*Asks:* 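The following block contains the structure, expressed as C-alpha cells.
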Amino acid sequence: MGCEKVLVLTFLVAAAAHASAYSMQMQPLMASSADNKVSLSVYYESLCPYCANFMVNHLLKIFQTDLINIVNLRLIPWGNTQIQSNDTWICQVPLSLHLSLAMENWFSNHGVIVLQHGVDECQLDVIEACAINSWPRVETHFKFIYCVERLHLMDKHTQWQSCYGANNLDQTPVNNCYNNGHGFQLEMAYADETAKLNPRHRFVPWVVVNNVPLQEDFENFIGYICRAYRGNKVPKACAR
C-alpha cells in the first residue's frame with residue numbers, strides 16, 4: 001500500500017462544467033462535548049488510489065451518520081513525500097508537462113526537485129492543505145477534498161477545480177494560500193508531524209484513533225472510534 005509522490009504544474013483555472021455531480025450529502029453536525037470526542041487522524045496523499053478509496057467509500061460514513069458528533073477528524077496531506085537532507089522535496093511531473101519560468105522560480109525558491117515522470121500529486125497536496133487552512137470547519141474542507149479524490153477514482157482528477165463550484169466554495173483563499181507560499185509552510189508542518197509518527201507509517205492511508213495506529217485494519221475505523229468513545233451521547237452508528 002504505497003503511493004508515489006508527484007507534482008502538478010498547473011495554475012488554478014475556472015471550474016469545469018457539471019460540477020454538481022461531485023458534491024456530497026452530509027448529516028447536520030450536532031453539539032457534543034469536545035472533551036469526549038475521539039481523535040481520528042488520517043495521514044494520506046492526494047491522488048493515491050488507496051487513500052482516495054478510503055476517503056470516498058469509507059471515511060465519508062462519519063458524515064453520513066451521527067458519528068461525526070463524537071469525532072475530531074484531522075486530515076494530514078503529506079504521505080510518502082520525501083525530503084532530502086538539504087530540505088528539498090522530491091516530486092515528479094509527467095514528461096508531457098513543461099514548466100513556465102514563473103513555476104520554475106517558485107519550485108526553485110521553495111526547494112522542490114522535479115523529476116521527469118509520474119503524475120500530478122504534490123501540488124494537490126498543497127492545495128488540500130490550503131483548503132484545510134482556509135476552511136477550518138471539517139465539514140467544509142472534507143467536502144472539497146472528497147470531491148477531488150472522488151474525481152481521481154473516476155479518472156477525472158484533472159477536473160479537480162470543479163470542486164469549488166460543486167460545493168459553493170470561494171476559491172480565493174485557497175488561491176492566495178497557494179500563491180503566497182503559505183501552503184508550502186503548511187506542508188512542511190505536515191511533513192514534520194508525519195515524520196514524528198511512532199510507530200512510523202508504513203503505507204498510506206495511515207489511520208490513527210486516539211494516537212493508536214490501526215495499521216492494516218484501518219477500514220474498520222468506526223469500530224475503534226465507538227470503543228474509544230467515553231461520553232454519554234453514544235451515536236446511533238455505534239449501536240448498529
Side-chain angles (χ1 to χ4, degrees), residues 1-6 24 26 36-83 89-92 118-122 124-125 128-129 131-132 138-139 141-155 157 187 189-231 234-240:
M1 294 185 198
C3 293
E4 278 191 329
K5 180 50 54 186
V6 292
M24 53 177 276
M26 291 183 172
N36 290 322
K37 284 195 171 185
V38 177
S39 173
L40 173 62
S41 301
V42 180
Y43 297 83
Y44 76 103
E45 59 193 39
S46 69
L47 305 188
C48 161
Y50 302 106
C51 301
N53 177 67
F54 176 70
M55 288 197 175
V56 172
N57 296 314
H58 299 278
L59 189 59
L60 174 65
K61 294 175 183 176
I62 71 172
F63 296 98
Q64 294 176 324
T65 66
D66 55 350
L67 199 63
I68 188 58
N69 296 322
I70 67 165
V71 170
N72 178 23
L73 174 63
R74 293 185 65 246
L75 302 176
I76 301 92
W78 178 257
N80 294 326
T81 304
Q82 297 181 4
I83 300 180
W89 295 9
I90 299 181
C91 298
Q92 301 171 357
V119 290
D120 42 6
E121 292 180 14
C122 273
L124 279 177
D125 275 351
E128 293 185 5
I132 294 168
V138 67
E139 291 82 4
H141 63 246
F142 183 82
K143 285 194 296 185
F144 176 80
I145 294 171
Y146 165 89
C147 177
V148 173
E149 301 305 327
R150 182 167 179 262
L151 284 172
H152 174 50
L153 293 181
M154 298 166 64
D155 198 26
H157 75 265
E187 277 293 272
Y190 286 145
D192 185 61
E193 178 180 344
T194 303
K196 290 179 179 178
L197 284 170
N198 185 18
R200 297 179 66 85
H201 81 286
R202 295 183 290 106
F203 52 82
V204 288
W206 189 254
V207 181
V208 179
V209 172
N210 278 3
N211 298 318
V212 177
L214 305 190
Q215 313 260 7
E216 285 82 357
D217 202 29
F218 64 90
E219 289 187 355
N220 295 316
F221 71 100
I222 291 179
Y224 288 90
I225 291 172
C226 292
R227 288 190 291 273
Y229 181 59
R230 295 294 180 264
V234 178
K236 294 178 181 179
C238 290
R240 296 175 181 172

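All values derive from a computational prediction rather than experimental measurement.
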*Asks:* Going by heavy atoms in the side chains, are E193 and Y43 under 4.5 Å from each other?
*Replies:*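 Yes, side chains in contact.
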
*Asks:* Keeping the roles fixed (side chain from E45, backbone from N80), state whether a donor-acceptor pair exists under 3.5 Å.
*Replies:*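 Yes; judged by distance alone, with no hydrogens or angles, the pair exists.
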
*Asks:* Heavy atoms only: give me the nearest I70-P235 pair and the separation to one decimal.
*Replies:*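 Heavy-atom minimum between the residues: CD1-CG, 3.6 Å.
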
*Asks:* Say whether, by atom type as modelled, one donor and one acceptor occur between the side chain of H141 and the main chain of A131 under 3.5 angstrom.
*Replies:*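 Between the backbone of A131 and the side chain of H141 there is no qualifying donor-acceptor contact (under 3.5 Å).
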
*Asks:* What's the separation between atom CG in L40 and atom CD1 in I225, rounded to the nearest 0.5 Å?
*Replies:*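 If we round to the nearest 0.5 Å, L40:CG and I225:CD1 are 4.5 Å apart.
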
*Asks:* Roughly how far apart are N53 CG and E149 CD, rounded to 0.5 Å?
*Replies:*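 If we round to the nearest 0.5 Å, N53:CG and E149:CD are 11.0 Å apart.
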
*Asks:* Hey, mind stepping through L59 and Y44 against side chain to side chain contact (heavy atoms under 4.5 Å, CB included) and telling me if it holds?
*Replies:* CA-CA 12 Å; L59 189 59; Y44 76 103; over 6 Å; no

*Asks:* Determine the minimum heavy-atom distance between L75 and I132, stating which atoms define it.
*Replies:*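 Closest heavy-atom pair between L75 and I132: O-CD1, 3.4 Å.
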
*Asks:* Taking the six-membered ring where the residue is Trp, are the ring centres of F203 and Y50 under 6.0 Å apart?
*Replies:*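 When the ring centroids of F203 and Y50 are compared, they turn out to be at least 6.0 Å apart.
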
*Asks:* If we only count heavy atoms from C-beta on, is the P213 to H201 side-chain gap below 4.5 Å?
*Replies:*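 A side-chain contact under 4.5 Å is absent here.
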
*Asks:* With side chains defined as the heavy atoms from C-beta onward, is the minimum distance between V56 and M154 less than 4.5 Å?
*Replies:*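 Not touching, per the 4.5 Å side-chain cut-off.
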
*Asks:* Locate the shortest heavy-atom distance separating F142 from M55; write the atom from each residue and the value.
*Replies:*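 Residues F142 and M55, closest heavy atoms: CZ-O, 3.9 Å.
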
*Asks:* Taking the side chain as everything from C-beta on, heavy atoms only, tell me whether V138 gets closer than 4.5 Å to F63.
*Replies:*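 Yes, side chains in contact.
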
*Asks:* Is there a side chain to side chain donor-acceptor pair (under 3.5 Å) between Y190 and D125? Walk through the geometry before answering.
*Replies:* CA-CA 10 Å; Y190 286 145; D125 275 351; over 6 Å; no

*Asks:* Can you tell me how far apart CD1 (I62) and CD (E139) are? Round to the nearest 0.5 Å.
*Replies:*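 So the gap between those two atoms works out to 8.5 Å.
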
*Asks:* Grab the two heavy atoms, one from A52 and one from H152, that are nearest each other, plus how far apart they are.
*Replies:*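 Scanning both residues completely, I find the closest heavy atoms to be CB-CD2, 3.9 Å.
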
*Asks:* For the residue pair E187 and A129, what are the closest heavy atoms and their distance?
*Replies:*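 Minimum heavy-atom contact is OE2-CB, 3.6 Å.
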
*Asks:* Quick check for you: to the nearest 0.5 Å, what is the distance between R202 atom CZ and E216 atom CD?
*Replies:*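 Reported to 0.5 Å precision, the distance equals 4.5 Å.
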
*Asks:* Carefully, step by step, assess L214 and N220 under the rule side chain to side chain contact (heavy atoms under 4.5 Å, CB included).
*Replies:* CA-CA 8 Å; L214 305 190; N220 295 316; over 6 Å; no

*Asks:* Please answer whether the main-chain N or O of S39 pairs with a side-chain N or O of N210 as donor and acceptor at a distance below 3.5 Å.
*Replies:*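 A pair under 3.5 Å: yes.
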
*Asks:* What residue among I222, D66, L67 forms side-chain contact (heavy atoms from CB on, under 4.5 Å) with C238?
*Replies:*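 With C238 as partner, side-chain contact (heavy atoms from CB on, under 4.5 Å) holds for just one option, L67.
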
*Asks:* Minimum heavy-atom separation for N69 to K37, with atom names?
*Replies:*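 In this case the closest contact between N69 and K37 is O-CE, 3.3 Å.
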
*Asks:* What I'd like to find out is whether the side chain of S46 reaches to under 4.5 Å of the side chain of P77, using heavy atoms alone.
*Replies:*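 Counting from C-beta outward, S46 and P77 never come under 4.5 Å.
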
*Asks:* Please check if the side chain of R230 supplies one atom and the backbone of N36 the other of a donor-acceptor pair under 3.5 Å.
*Replies:*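 Not a single qualifying donor-acceptor pair exists.
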
*Asks:* Between atom CH2 of W78 and atom CD of E128, what is the distance when rounded to the nearest 0.5 Å?
*Replies:*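 Those atoms lie 14.0 Å apart.
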
*Asks:* For F221 and F54, I'd like to know if the aromatic rings sit close, meaning centre-to-centre distance below 6.0 Å.
*Replies:*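 Close enough - the centres of the two rings lie under 6.0 Å apart.
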
